[in-house]
Amino acid sequence: MERFVMEKLVQWKNKKNRKPMIIKGARQVGKTWLMKEFGHRYFKYTAYVNFDNNKYMKDVFEADYDIERILMAVNIASGTKIEPEETLIIFDEIQENPKAIASLKYFCENAPEYPVIAAGSLLGVAIHKGVSFPVGKADTLELHPLSFHEFLCAVGESGLVRLMDEMDLQLLKAYREKYIDWLKKYYYIGGMPEVVASFIDNRDFAEVRYLQNRIIEMYENDFSKHTTANELPRIRMVWNAIPMQLAKENKKFFFGKIKEGARAKDFEIAIEWLQDCGLIKKVNNISKPAVPLKAYVEFSAFKLYLVDVGLLGALSELDAMSILDGSSIFVEFKGALTEQYVLQELIANTEYTPYYYSETKSEGEIDFMIQKGKQIVPIEVKAEENLRAKSLKVYCEKYRPELAVRTSMSDYREQDWMTNIPLWMIARV
């Protein structure tokens with residue numbers, strides 16, 4: 001299973017002023033596999049240390065930050081030879097050892113010849129609890145579930161990815177049904193590596209859903225293990241409300257739909273916790289489509305999405321036939337799944353920060369807004385081949401953007417006022 005971020009790790013390995021690397025991301029997105037595979041491919045040795053329930057290594061870092069002593073301990077714990085530039089040192093679940101996080105500063109300053117890569121599913125939670133982070137002394141990389149293009153490569157359809165890279169419009173049109181078929185499968189399966197691997201081996205949608213539910217159960221167990229009794233009910237309420245909120249034509253996340261009389265401030269910590277774990281994505285509204293978009297963020301108006309489109313379907317209890325055959329049960333929810341998918345593609349494949357835009361006195365809404373250099377690009381999401389883009393048309397007539405995008409199940413086409421990008425190609429925006 002190929003992960004496209006491997007290339008970024010290779011670039012990091014070869015950097016002249018390399019710092020320790022921290023990989024962030026939700027549990028089960030494949031951080032451990034990525035680090036080990038990177039070591040296997042590009043280093044002579046790989047020294048792996050997991051800090052979860054590891055008292056020996058915890059005691060090692062409690063003493064001091066003497067790098068030579070720490071390296072000797074890593075050698076003993078991993079049973080691996082430690083050589084400058086030849087050995088990749090992996091610290092997994094590093095949030096379990098705050099002193100190990102702090103030690104990255106000393107690796108950066110005193111021993112840059114030893115490549116260190118670390119990961120932690122709950123690292124963000126640990127930092128918010130007061131764990132010191134080596135600001136400026138470590139590089140960071142966020143790992144997401146498999147993108148649609150990674151998924152296509154994993155299931156043996158790398159030729160479809162090459163077609164998109166080459167932008168052969170005639171061939172893309174000829175294979176559109178195949179793209180649509182795989183995209184619908186991806187809506188159901190999602191990009192969690194274990195789930196994708198199971199589908200590749202068994203082609204069993206029941207097993208896919210079983211594994212997705214197991215991952216959701218694992219996440220929900222983390223709620224009770226790593227939060228206070230006071231915050232736990234709020235975290236669960238936010239988590240369970242996301243599918244329902246996305247299915248509605250809401251312009252923002254409504255707290256009153258979670259609990260009668262609920263206010264934003266009651267759930268701020270719960271939302272922050274879920275974000276720190278990488279389990280949800282927050283997309284803010286902007287008050288004005290102008291450069292820089294970040295200056296016009298409305299922090300009180302936002303939408304929440306899950307980490308993975310497949311998990312959204314599982315949490316919503318959508319069955320495979322509803323999605324693959326497009327049954328009437330799926331009709332009301334297809335917009336939510338499609339928006340979730342597009343957000344994932346934008347986050348995983350581009351450097352852009354997605355926002356959305358809705359005017360207070362207007363029914364229209366632009367699903368996503370990105371800033372591309374000095375351009376503000378509106379993106380309207382359509383779940384089917386619907387070529388009407390009323391909100392986008394109104395927006396374009398008012399603001400005259402250089403580029404406007406509609407993404408749908410229709411073929412690629414450029415019109416005088418907007419470009420239609422097929423959903424399976426939205427990563428190319």
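Note that the coordinates shown come from a computational prediction; the quantities given were computed from them, not determined experimentally.
- Note that CD of Glu217 is 7.5 Å distant from CD of Glu220, once rounded to the nearest 0.5 Å.
- Between Tyr114 and Phe107, the distance from one ring center to the other does not fall under 6.0 angstrom.
- Within a 6.0 Å radius of CE in Met72, other residues, nucleotides and ligands contribute 12 heavy atoms or fewer.
- The nearest pair of heavy atoms linking Gly25 to Lys31 is O-NZ, 3.1 Å.
- When each of Phe148, Phe151, Trp424, Tyr341 is checked for a ring-ring contact (aromatic ring centres under 6.0 Å, His included) with Tyr187, only Tyr341 meets the rule.
- Counting all heavy atoms, side chain and backbone alike, Val309 lies closest to Gly190 at CG1-CA, 3.9 Å.
- Enclosure of atom CG in Asp201 by more than 12 non-hydrogen atoms of other residues, nucleotides or ligands within 6.0 angstrom is indicated.
- Residues Lys137 and Tyr106 are not in side-chain contact: their nearest non-hydrogen atoms beyond the backbone lie 4.5 Å or more apart.
- Between the side chain of Thr407 and the backbone N or O of Ile421 there is at least one donor-acceptor pair closer than 3.5 Å.
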Practice task
Dump the intermediate steps for side-chain contact (heavy atoms from CB on, under 4.5 Å) on Asp367 and Ile379, then the final yes or no.
Solution key: CA-CA 6 Å; Asp367 298 302; Ile379 301 173; over 6 Å; no
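- Under the 3.5 Å distance criterion, the side-chain polar atoms of Gln275 are left unmatched by any main-chain donor or acceptor of Ile280.
- Between Val307 and Pro145, the closest side-chain pair of non-hydrogen atoms falls below 4.5 Å.
- A salt bridge does not link Lys55 with Glu96: every distance from a Lys NZ or Arg NE/NH1/NH2 to an Asp or Glu carboxylate oxygen is 4.0 Å or more.
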Practice task
Given side-chain contact (heavy atoms from CB on, under 4.5 Å), test Leu152 with Met164 step by step and report yes or no.
Solution key: CA-CA 12 Å; Leu152 285 176; Met164 289 186 272; 3.8 Å; yes
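- Using a 4.5 Å heavy-atom threshold, the side chains of Ile235 and Met237 count as separate.
- Tyr48 and Asp92 are linked by a side-chain donor-acceptor pair at a separation below 3.5 angstrom, with hydrogens and angles left out of the test.
- Gln371 contributes a side-chain N or O that, together with a main-chain N or O of Gly373, makes up a donor-acceptor pair within less than 3.5 Å.
- By the 30° and 60° cut-offs, the orientation of the rings of Phe61 relative to Phe91 is perpendicular.
- Between Lys58 and Glu93 no salt bridge is recorded (no basic side-chain N to carboxylate O distance below 4.0 Å).
- Pairing each heavy atom of Leu312 with each of Ser316, the nearest pair is O-OG, 2.7 Å.
- In terms of heavy atoms, Glu380 sits closest to Ser391 at OE2-CB, 3.8 Å.
- Pro193 meets the side chain to side chain contact (heavy atoms under 4.5 Å, CB included) test with Met1, Arg3, Leu146; sequence neighbours excluded.
- Taking NZ of Lys382 as the reference point, atom OG of Ser408 lies at 9.0 Å (rounded to 0.5 Å).
- A donor-acceptor pair is defined here as one N or O able to donate and one able to accept, closer than 3.5 Å; no such pair exists between the side chain of Lys303 and the backbone of Leu246.
- Using a 4.0 Å cut-off between charged side-chain N and carboxylate O, Glu298 and Lys288 make no salt bridge.
- Of the possible donor and acceptor atoms, one in the side chain of Arg69 sits under 3.5 Å from a partner among the backbone N and O of Asp64.
- Checked against the 6.0 Å centroid threshold, Phe43 and Tyr45 do not count as a close aromatic pair.
- Between Tyr357 and Tyr296, the side chains place no donor N or O within less than 3.5 Å of an acceptor N or O (distance only, hydrogens not considered).
- Salt bridge status for Lys99 with Glu62: present, with a side-chain N to carboxylate O gap under 4.0 Å.
- Residues Glu194 and Gln28 are in side-chain contact: their nearest non-hydrogen atoms beyond the backbone lie under 4.5 Å apart.
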Exercise for the section: Report the C-alpha distance between Met409 and Leu183 in whole Å, list the side-chain angles of each, state the deciding distance to 0.1 Å, and finish with yes or no for side-chain contact (heavy atoms from CB on, under 4.5 Å). Expected result: CA-CA 10 Å; Met409 290 290 192; Leu183 184 58; 3.8 Å; yes
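- For CD1 of Ile269, the number of neighbouring non-hydrogen atoms (other residues, nucleotides, ligands) closer than 6.0 Å is 12 at most.
- Two residues are said to be in side-chain contact when any heavy atoms from C-beta on lie closer than 4.5 Å; Pro378 and Pro289 fail this criterion.
- Centroid-to-centroid, the aromatic rings of Phe38 and Tyr42 come within less than 6.0 Å.
- Using a 3.5 Å distance cut-off with no hydrogens or angles, the side chains of Asn75 and Thr80 do not pair a donor with an acceptor.
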Exercise for the section: Please assess Ser198 against Asp204 for the test side-chain contact (heavy atoms from CB on, under 4.5 Å), listing each intermediate value before the final yes or no. Expected result: CA-CA 8 Å; Ser198 170; Asp204 184 348; over 6 Å; no
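- In the model, Thr140 has no side-chain atom that pairs as donor or acceptor with a side-chain atom of Lys24 under 3.5 Å.
- For the side chain to side chain donor-acceptor pair (under 3.5 Å) with Tyr305, the lone residue among Lys282, Gln340, Glu339 that qualifies is Glu339.
- Between Lys13 atom NZ and Met6 atom CE the span is 13.0 Å, to the nearest 0.5 Å.
- When all heavy atoms of Pro354 and Val283 are compared, the closest pair comes out as O-CG1, 3.6 Å.
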Practice task
Under the side chain to side chain donor-acceptor pair (under 3.5 Å) rule, what do Thr46 and Lys36 come out as? Steps first, then yes or no, please.
Solution key: CA-CA 7 Å; Thr46 300; Lys36 287 183 174 181; over 6 Å; no
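- Ion pair Glu231/Arg234 flagged as a salt bridge, since at least one NZ, NE, NH1 or NH2 atom sits closer than 4.0 Å to an Asp/Glu carboxylate oxygen.
- For Arg209, the salt bridge (Lys or Arg N to Asp or Glu O under 4.0 Å) test picks out no residue, with sequence neighbours left out.
- For Glu7, the CD atom counts as loosely surrounded, since its 6.0 Å shell holds 12 or fewer non-hydrogen atoms of other residues, nucleotides or ligands.
- To the nearest 0.5 Å, atoms CD1 (Ile70) and CD1 (Ile82) are separated by 12.0 Å.
- Atoms CG and CD1, from Leu293 and Ile376 in turn, are 3.5 Å apart once rounded to the nearest 0.5 Å.
- A salt bridge does not link Arg18 with Asp139: every distance from a Lys NZ or Arg NE/NH1/NH2 to an Asp or Glu carboxylate oxygen is 4.0 Å or more.
- Taking a 6.0 Å sphere around NZ of Lys281, one finds it holds more than 12 heavy atoms contributed by other residues, nucleotides or ligands.
- Between the Thr87 side chain and the Glu83 main chain, a donor and an acceptor come within less than 3.5 Å of each other.
- A heavy-atom distance below 4.5 Å is found between the side chains of Ile67 and Leu71.
- Contact of the Asn213 side chain with the Leu315 side chain is not registered, since no non-hydrogen atoms from C-beta on lie closer than 4.5 Å.
- Cation-pi check for Lys372 over Tyr352 is not met; the charged atom does not lie both under 6.0 angstrom from the ring centroid and within 45 degrees of its normal.
- A donor-acceptor distance shorter than 3.5 angstrom exists from the side chain of Asp308 to the backbone of Gly191, with no hydrogens or angles considered.
- Evaluation of the ring pair (Phe, Tyr, Trp, His ring centres under 6.0 Å) test over residues 193-216, restricted to residues two or more places apart or in two chains, returns Tyr188-Phe205, Phe199-Phe205.
- Atom OG in Ser103 sits 8.0 Å away from atom CG in Asn97 (nearest 0.5 Å).
- Other residues, nucleotides and ligands contribute only 12 or fewer heavy atoms inside 6.0 Å of the CZ atom of Phe299.
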